[in-house]
J.: 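Take this structure, written in structure tokens, and hold onto it; I'll ask about it next.
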2 protein chains.
Amino acid sequence: MKNKKNELTKNQKIVLDFIQKSNKPVKAYSILSNVSKKGLKAPPQVYRALEKLIEVGEVHKIESLNSFVACNSKCIEPNGTIFSICKSCDQTTEVSNADLAKFLSDFKDMNGTQFSGFNLELFGTCKSCKA
Amino acid sequence: MKNKKNELTKNQKIVLDFIQKSNKPVKAYSILSNVSKKGLKAPPQVYRALEKLIEVGEVHKIESLNSFVACNSKCIEPNGTIFSICKSCDQTTEVSNADLAKFLSDFKDMNGTQFSGFNLELFGTCKSCKA
DNA sequence: AAATATTTCGTTATATTATAACACTACCTT
DNA sequence: AAGGTAGTGTTATAATATAACGAAATATTT
């Protein structure tokens, strides 16, 4: 067993806490400056926490934004992420659609081999930006 | 009309040419060092060419790799990209699957609004790496 | 408990990726 | 030929991310 108490460390909790409180994807250096008063003073501290949080599924990275969001815990697919991203304001929400998740999980390439993970980013315009 | 002869400029051709000759996604600074003998000496020259090439659909960016690939010209969906990426060697191929492309293009969120674009990255292990 | 291994930590430095800004050039349109 | 737009070359710098190292904390084995 790697870790008896499967708990997050102090730094990991601090970073997760900040991400969860944000209602938008946050950037690593934004996290850094916002938690610096809690003792995290250098990029590696943030990136290390992020790495762990992503590994355990608490956080996802939005690749096209170089930003991070908390998992909304409705993740249907453990190995895949689906996000809708507003092209105008970057507002991002995790999409929980069983059909879509199943379609992607079951998808096989030409050779019939299945994939082990996926990341889908859907771009559109959010309600507020349309209005 | 913006540009009568809808042609690529010299720099754009140089960059596209290099990307097309590569059999893997290439990084911007790798492009830069490889075409420096052709006169492109600073990052903005490469990034500007890339921007244009992406705009006209000749090149796609692989977000999770910060890399660029030439469109294989079998793009089914003009506003969406689908790539399979080998987790082990980064070998990337554009996936041309009509069903999947249609499913994604037609996908609507909870409110019934359609998206204007998407980017799907499928992660797996390529033939060579499996062997 | 002591010894060992593993993970995390704080820190400095640096690598990698990408853009701002500015003056200038080439070309297209009228 | 005059004006507009897009592209160019350049310098500098911003933004994102990791390498490396030794110390500290936590787990596991003895």
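Just so you know, these numbers come straight off a predicted model, no measurement behind them. Each chain gets a letter, A, B and so on, in the order the sequences are listed, and its residues count up from 1.
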J.: How many whole angstroms separate atom CG of B:L16 from atom C1' of D:dG7?
T.: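 Rounded to the whole Å, the gap is 17 Å.
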J.: Give the nucleotide from the list C:dT11, C:dT8, D:dT16 with an atom nearest to the side chain of A:Q12.
T.: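 For A:Q12, the side-chain atoms sit closest to C:dT8.
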J.: Rounding to a whole Å, what distance do you find between B:E51:CD and D:dG7:C1'?
T.: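 Rounding to the nearest Å, CD of B:E51 and C1' of D:dG7 are 11 Å apart.
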J.: Which nucleotide sits closest to the side chain of B:Q45: C:dA18, D:dT10, D:dT16?
T.: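 Selected nucleotide: D:dT10.
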J.: Whole Å only: how far is the CD atom of B:E7 from the C1' atom of D:dA6?
T.: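 So the two atoms are 15 Å apart, to the nearest Å.
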J.: Would you indicate, yes or no, if C:dA18 has its OP1 or OP2 atom less than 4.0 angstrom from a side-chain nitrogen or oxygen of A:N66?
T.: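 Checking C:dA18 against A:N66, no side-chain N or O comes under 4.0 Å of OP1 or OP2.
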J.: If you pin B:E63 and B:R48 to their nearest nucleotides in DNA chain C, which one's is more 5'?
T.: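 Counting from the 5' end, the first nearest nucleotide belongs to B:E63.
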J.: Can A:S84 and A:T93 be counted as having a side-chain donor-acceptor contact under 3.5 angstrom?
T.: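 A:T93 and A:S84 do have a side-chain donor-acceptor pair below 3.5 Å.
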J.: Roughly, in whole Å, what's the span from CD1 in B:I31 to P in C:dT17?
T.: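 After rounding, the gap between these two atoms is 11 Å.
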J.: What is the separation between atom NZ on A:K41 and atom P on C:dT12, rounded to the nearest whole Å?
T.: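 After rounding, the gap between these two atoms is 10 Å.
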J.: If we ignore angles and hydrogens, is there a donor and acceptor under 3.5 Å between the side chains of B:T81 and B:N119?
T.: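 There is such a pair between these side chains.
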J.: Can you see whether B:K87 engages A:S116 through a side-chain donor-acceptor pair at a distance of less than 3.5 angstrom?
T.: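 Their side chains do contain a donor-acceptor pair, which is all the 3.5 Å distance test asks for.
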J.: To the nearest Å, give me how far apart CG (A:L32) and C1' (C:dT11) are.
T.: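 Roughly 13 Å, once rounded to whole Å.
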J.: Under 3.5 Å, is there any donor-acceptor pair linking the side chain of B:Y29 to the base of C:dA18?
T.: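 Indeed, a donor on one side and an acceptor on the other fall under 3.5 Å apart.
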J.: C:dA18 phosphate, OP1 or OP2: any side-chain N/O from B:Y47 under 4.0 angstrom?
T.: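 B:Y47 to C:dA18 OP1/OP2: side-chain N or O found under 4.0 Å.
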J.: Just by distance, no angles: are the side chains of B:S64 and A:E63 close enough, under 3.5 Å, to form a donor-acceptor pair?
T.: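 Per modelled atom types, B:S64 and A:E63 side chains form no pair under 3.5 Å.
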J.: Toward the 5' end of DNA chain D, which comes first, B:T9 or B:A42, by nearest nucleotide?
T.: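 Mapping each residue to its closest nucleotide by heavy atoms, the 5'-most match is B:T9.
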J.: Is any side-chain nitrogen or oxygen of B:K10 closer than 4.0 Å to OP1 or OP2 of D:dA6?
T.: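 For B:K10, the contact criterion (side-chain N or O under 4.0 Å from OP1 or OP2 of D:dA6) is not met.
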J.: By nearest nucleotide on DNA chain D, pick out whichever of A:S30 and A:P44 is the more 5' one.
T.: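 Here A:S30 is the residue nearer the 5' end.
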J.: Is B:K52 near enough to D:dA6 that one of its side-chain N or O atoms lies under 4.0 angstrom from OP1 or OP2?
T.: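 Answer is no, no contact under 4.0 Å.
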J.: Round to a whole Å and report the spacing from CG of B:L50 to P of D:dA6.
T.: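 Going from B:L50 (CG) to D:dA6 (P), I get 19 Å.
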J.: Between A:K27 and D:dA15, is there a side-chain N or O to OP1/OP2 distance below 4.0 Å?
T.: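 It does not, given that no N or O in the side chain of A:K27 lies less than 4.0 Å from OP1 or OP2 of D:dA15.
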J.: Send over the distance from B:L40 CG to D:dT10 P, rounded to a whole Å.
T.: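 Atom CG in B:L40 sits about 10 Å away from atom P in D:dT10.
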J.: Do the ring centers of B:F123 and A:F115 come within less than 6.0 Å of each other?
T.: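 Between A:F115 and B:F123, which both carry aromatic rings, the centre distance is not below 6.0 Å.
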